[in-house]
**Student:** 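One structure is given below, represented as structure tokens, and several questions about it will come after.
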2 protein chains.
Amino acid sequence: MAVTIYDVARLAGVGIGTVSRAMNDSRHIHPETRRRIMEIAAQLNYRPHGVAQRLARRKNFTIACVVPFFFNYFYLDLLKYIQNELGAYQYDLFLYSIDRFDNKNLVFDRVLAERKTDGILIISVEPGPDYTGKFRSAKVPVILVDATHAQLDSIVIANREGAFVATEHLIRLGHRHLGLINGDLNSFPARSRLQGFQEAMSRHGLVVDPKAVRLCSEKSGAHGFNEQAGYLAMQELLALKSDHPSAVFIASDVQSIGAMRAIREAGLRVPDDLALVGFDDIDFAKYVGLTTMKQPLEEMARLAVERLLLRMDNRAEDDFHLELSPKLVVRRTCGATKRRVVEPV
Amino acid sequence: MAVTIYDVARLAGVGIGTVSRAMNDSRHIHPETRRRIMEIAAQLNYRPHGVAQRLARRKNFTIACVVPFFFNYFYLDLLKYIQNELGAYQYDLFLYSIDRFDNKNLVFDRVLAERKTDGILIISVEPGPDYTGKFRSAKVPVILVDATHAQLDSIVIANREGAFVATEHLIRLGHRHLGLINGDLNSFPARSRLQGFQEAMSRHGLVVDPKAVRLCSEKSGAHGFNEQAGYLAMQELLALKSDHPSAVFIASDVQSIGAMRAIREAGLRVPDDLALVGFDDIDFAKYVGLTTMKQPLEEMARLAVERLLLRMDNRAEDDFHLELSPKLVVRRTCGATKRRVVEPV
DNA sequence: ATGAAAGCGCTAACAG
DNA sequence: CTGTTAGCGCTTTCAT
């Protein structure tokens with residue numbers, strides 16, 4: 001068995017309470033006693049038992065991060081930032097993944113039931129309707145990242161706005177017949193991006209061609225936001241032959257990559273035959289010259305963690321619904337550099 | 001305060017021991033008592049307190065996964081598979097990231113000290129020399145993934161073999177002047193891949209041109225295995241002008257992507273001016289048509305978790321050093337389809 | 001300032 | 001089969 005607080009206490013000739021006080025920087029301890037205890041502790045290589053501490057303190061110093069399967073590279077960066085941020089506060093991170101959407105509540109139940117975490121960061125998933133109450137009664141704060149909920153703190157990308165900007169950018173470039181490749185509407189970002197697209201179209205007096213709108217099914221994984229889905233969706237668009245849109249807003253970069261593959265295989269060229277704007281700005285976007293909406297992930301992670309810690313400290317007053325604006329990054333695929341003539345509407 | 005085992009016991013009119021037995025499927029309990037207890041427990045929505053269980057059981061049902069910063073997409077997939085596999089066994093996963101190599105031991109110390117995990121999965125990092133002993137005396141099993149150590153179980157990709165195959169493939173295609181872009185030699189895979197490259201060269205009686213070998217510094221992050229590093233390395237190679245190699249084995253796909261960017265910007269073409277073979281087979285490899293060595297990540301994750309559980313059960317007898325062979329995936333960048341004439345040596 | 005003792009919520013050994 | 005009790009290792013009153 002490892003060395004415990006009792007061993008230290010015995011060797012130091014003090015009670016365990018005093019050792020505990022020494023270890024925890026209590027002010028109620030004589031500096032000299034403290035010094036002696038710390039010395040003996042170091043000598044014995046004593047480290048407090050984390051689990052016992054948690055039980056006694058009724059606090060875990062651990063947060064759970066719930067991520068829907070890992071298909072999207074988006075999550076990797078976000079996770080990296082979150083873990084970095086959390087580490088700075090000496091918090092540990094439990095990673096839970098959701099493999100299927102019908103399973104999501106199972107994960108929440110488990111996290112709540114086992115009470116091993118002080119807070120939950122939920123990425124890109126909306127908890128079921130009755131979970132607000134469960135979270136509240138379990139007294140475990142929840143921050144939604146990349147998803148919203150009326151009763152839960154959330155921090156999201158301004159998806160609607162981003163889609164609007166992306167779409168408008170294509171319109172300004174002179175395109176009139178626009179297409180959309182989107183994820184499954186079960187996903188919140190997909191819904192918002194659809195909205196933004198529609199708004200941009202109607203704002204400019206354009207009608208949405210239903211045939212040019214493709215929603216990728218979540219059955220293909222990652223809410224439909226994956227390469228293969230984008231590939232297939234673009235094939236369908238190209239099957240419209242000469243009637244295909246001249247530009248497409250694609251609601252994620254991974255889909256865009258797939259779409260570009262389909263275009264290449266069809267012997268067409270981007271942006272000449274088809275202009276593209278994506279969403280996310282994953283690393284690879286710059287390698288393929290994809291024009292896209294950049295998500296401020298690091299800021300998102302920092303704010304989410306900060307907010308969660310605040311909540312766990314009960315130092316959070318009001319509700320919190322933050323929206324961070326994505327930024328348009330113009331590259332090659334939108335054909336901006338071609339300076340097309342804007343046709344009169 | 002939440003409902004405890006005492007509440008259930010009181011309402012059921014039994015002792016807490018009986019409740020515990022009921023919850024834990026002990027055989028030493030009357031089915032009827034058990035039924036009644038479970039009913040009351042359900043009614044009260046009682047869930048055992050995970051932390052208390054851990055303390056009493058002296059077992060955590062948690063493993064730690066230590067990942068060196070998240071630069072490489074490789075880790076995302078691996079993590080996904082590991083988490084999936086672990087979930088099947090009802091284990092939780094603590095995620096720790098190493099941001100700098102000089103920090104790696106800090107993480108290990110922390111993980112060991114807090115005793116919150118039953119086992120450790122270390123990805124792509126070799127622990128310092130004195131850590132074998134620490135792990136052993138802490139009685140926490142460790143499995144190295146994508147790294148080796150004489151005294152620690154490990155499971156790796158056959159990096160040397162993979163590099164050999166990749167290089168030989170280029171040689172068979174007729175190339176004589178080969179280049180290498182590699183990661184930092186502080187990284188184990190980088191060292192092995194260098195070896196494989198050299199062996200293939202000498203096996204075929206070719207000499208390695210030192211000017212055509214680029215080691216990317218780990219200072220650029222991810223052991224040098226990142227896009228930017230590949231980009232810069234390739235620029236250096238192209239600066240050799242007509243003396244640049246006709247084919248390059250690049251020790252990772254992300255570097256390859258960067259390298260391809262450099263080539264494109266230089267106005268050269270792959271594979272005509274420069275043939276390429278990468279390593280990893282990340283998702284994006286297929287989009288850019290990158291010929292590469294595919295790593296069997298899912299199998300790796302499954303075997304690593306299996307093995308770790310075995311160790312934690314003390315059911316592992318001998319040492320364990322597994323090497324999984326990567327497989328050559330031929331695509332466009334190696335120019336295989338051009339059927340070059342093999343020049344006589 | 002410090003020791004003693006009472007939990008934290010559960011498991012497991014020991015009687016019966 | 002079941003109740004009782006002694007831990008698990010630490011924190012935190014409560015006296016002193």
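Order of the sequence lines sets the chain letters (A, B, ...), proteins ahead of strands, with each chain counted from 1.
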**Student:** Please confirm whether any donor atom in the side chain of B:Y6 sits under 3.5 Å from an acceptor in the base of C:dC10, or the reverse.
**Tutor:** yes
**Student:** Mind listing the closest non-hydrogen atom pair of B:I40 and B:A12 along with its distance?
**Tutor:**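 Minimum heavy-atom contact is CD1-CA, 3.5 Å.
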**Student:** Starting at atom CZ of A:R58, determine the distance to atom P of D:dT13, rounded to an integer number of angstrom.
**Tutor:**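 Going from A:R58 (CZ) to D:dT13 (P), I get 9 Å.
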**Student:** Would one find more than 12 heavy atoms of other residues, nucleotides or ligands at under 6.0 Å from atom CZ of B:R35?
**Tutor:**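 Above 12, so yes.
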**Student:** Set out, in order, the CA-CA distance, both residues' side-chain angles and the distance that settles side chain to side chain contact (heavy atoms under 4.5 Å, CB included) for A:R47 and B:R115, then state yes or no.
**Tutor:** CA-CA 9 Å; A:R47 312 312 296 297; B:R115 275 162 289 169; 4.0 Å; yes
**Student:** Not counting sequence neighbours, which residues clear ring pair (Phe, Tyr, Trp, His ring centres under 6.0 Å) with A:F135? List them please.
**Tutor:**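 For A:F135, the residues satisfying ring pair (Phe, Tyr, Trp, His ring centres under 6.0 Å) (neighbours in sequence not counted) are A:F108.
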**Student:** Over the length of the helix from C:dA1-D:dT16 to C:dG16-D:dC1, how much do the five-pair end axes diverge, rounded to 10 degrees?
**Tutor:** 40°
**Student:** Over how many whole Å does the gap from A:K59 atom NZ to D:dT11 atom C1' extend?
**Tutor:** 15 Å
**Student:** Among B:V14, B:T33, B:T4, find the one that has a side chain to side chain contact (heavy atoms under 4.5 Å, CB included) with B:V19.
**Tutor:**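 The single option meeting the side chain to side chain contact (heavy atoms under 4.5 Å, CB included) with B:V19 is B:V14.
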**Student:** Between protein and nucleic acid, restricted to nucleotides 1-5 of chain C and to nitrogen or oxygen atoms under 3.5 Å apart, what atom pairs and distances do you find?
**Tutor:**
{"unit_1": "C:dT2", "atom_1": "OP1", "unit_2": "A:T33", "atom_2": "OG1", "d": "2.5"}
{"unit_1": "C:dT2", "atom_1": "OP2", "unit_2": "A:H30", "atom_2": "N", "d": "2.8"}
{"unit_1": "C:dT2", "atom_1": "OP2", "unit_2": "A:T33", "atom_2": "OG1", "d": "3.0"}
{"unit_1": "C:dG3", "atom_1": "OP2", "unit_2": "A:G15", "atom_2": "N", "d": "2.8"}
{"unit_1": "C:dG3", "atom_1": "OP2", "unit_2": "A:T18", "atom_2": "OG1", "d": "2.5"}
{"unit_1": "C:dG3", "atom_1": "N7", "unit_2": "A:R21", "atom_2": "NH2", "d": "2.9"}
{"unit_1": "C:dG3", "atom_1": "O6", "unit_2": "A:R21", "atom_2": "NH1", "d": "3.4"}

**Student:** Please set out all donor-acceptor pairs under 3.5 angstrom arising from side-chain atoms of residues 299-307 of chain B, sequence neighbours excluded.
**Tutor:**
{"unit_1": "B:R307", "atom_1": "NE", "unit_2": "B:D153", "atom_2": "OD2", "d": "2.9"}
{"unit_1": "B:R307", "atom_1": "NH2", "unit_2": "B:D153", "atom_2": "OD2", "d": "3.3"}
{"unit_1": "B:R307", "atom_1": "NH2", "unit_2": "B:D318", "atom_2": "O", "d": "2.8"}

**Student:** Report the distance from atom CG of B:N60 to atom C1' of D:dC8, rounded to the nearest whole Å.
**Tutor:**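 After rounding, the gap between these two atoms is 12 Å.
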**Student:** Looking at B:S20, I'd like to know whether one of its side-chain N or O atoms comes within less than 4.0 Å of OP1 or OP2 on C:dT11.
**Tutor:** yes
**Student:** Using heavy atoms and a sub-4.0 Å distance, could you list which residues of residues 45-53 of chain A are near DNA chain D? By number, please.
**Tutor:**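 When residues 45-53 of chain A is checked for heavy atoms under 4.0 Å from DNA chain D, the hits, listed by number, are A:Y46, A:R47, A:P48, A:H49, A:A52, A:Q53.
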**Student:** Check the distance between D:dG3's P and B:I5's CD1 and give it to me in whole angstrom.
**Tutor:** 12 Å
**Student:** I'd like to know whether CZ of A:R34 has more than 12 heavy-atom contacts from other residues, nucleotides or ligands below 6.0 angstrom.
**Tutor:**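 It does: A:R34 CZ has more than 12 such atoms within range.
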**Student:** Check B:K116 against A:G50 and note the closest heavy-atom contact, atom names and distance.
**Tutor:**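 Looks like CG-CA, 4.4 Å.
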**Student:** For a quick test of reading the model, state the closest non-hydrogen atom pair linking A:L112 to A:A138 and the distance between them.
**Tutor:** CD2-CB, 3.8 Å
**Student:** Would you please name every residue forming a side-chain contact (heavy atoms from CB on, under 4.5 Å) with A:P189, sequence neighbours left out?
**Tutor:**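 side-chain contact (heavy atoms from CB on, under 4.5 Å) list for A:P189, sorted by chain: A:D146, A:N159, A:S187, A:R193.
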**Student:** Please give, in whole Å, the distance from C:dC10 P to A:K116 NZ?
**Tutor:** 14 Å
**Student:** Let me know the distance between CG of B:L55 and P of C:dA12, rounded to the nearest Å.
**Tutor:**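 Spelled out: CG on B:L55 to P on C:dA12 is 12 Å.
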**Student:** When the distance from CZ of A:R10 to P of D:dG9 is rounded to whole Å, what number comes out?
**Tutor:**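 Roughly 13 Å, once rounded to whole Å.
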**Student:** Please check if the number of heavy atoms outside B:K59 that lie under 6.0 Å from its NZ is greater than 12.
**Tutor:**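 For B:K59, atom NZ is crowded (more than 12 foreign heavy atoms under 6.0 Å).
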**Student:** Between A:L44 (CG) and D:dG9 (C1'), how many Å, whole number?
**Tutor:** 15 Å
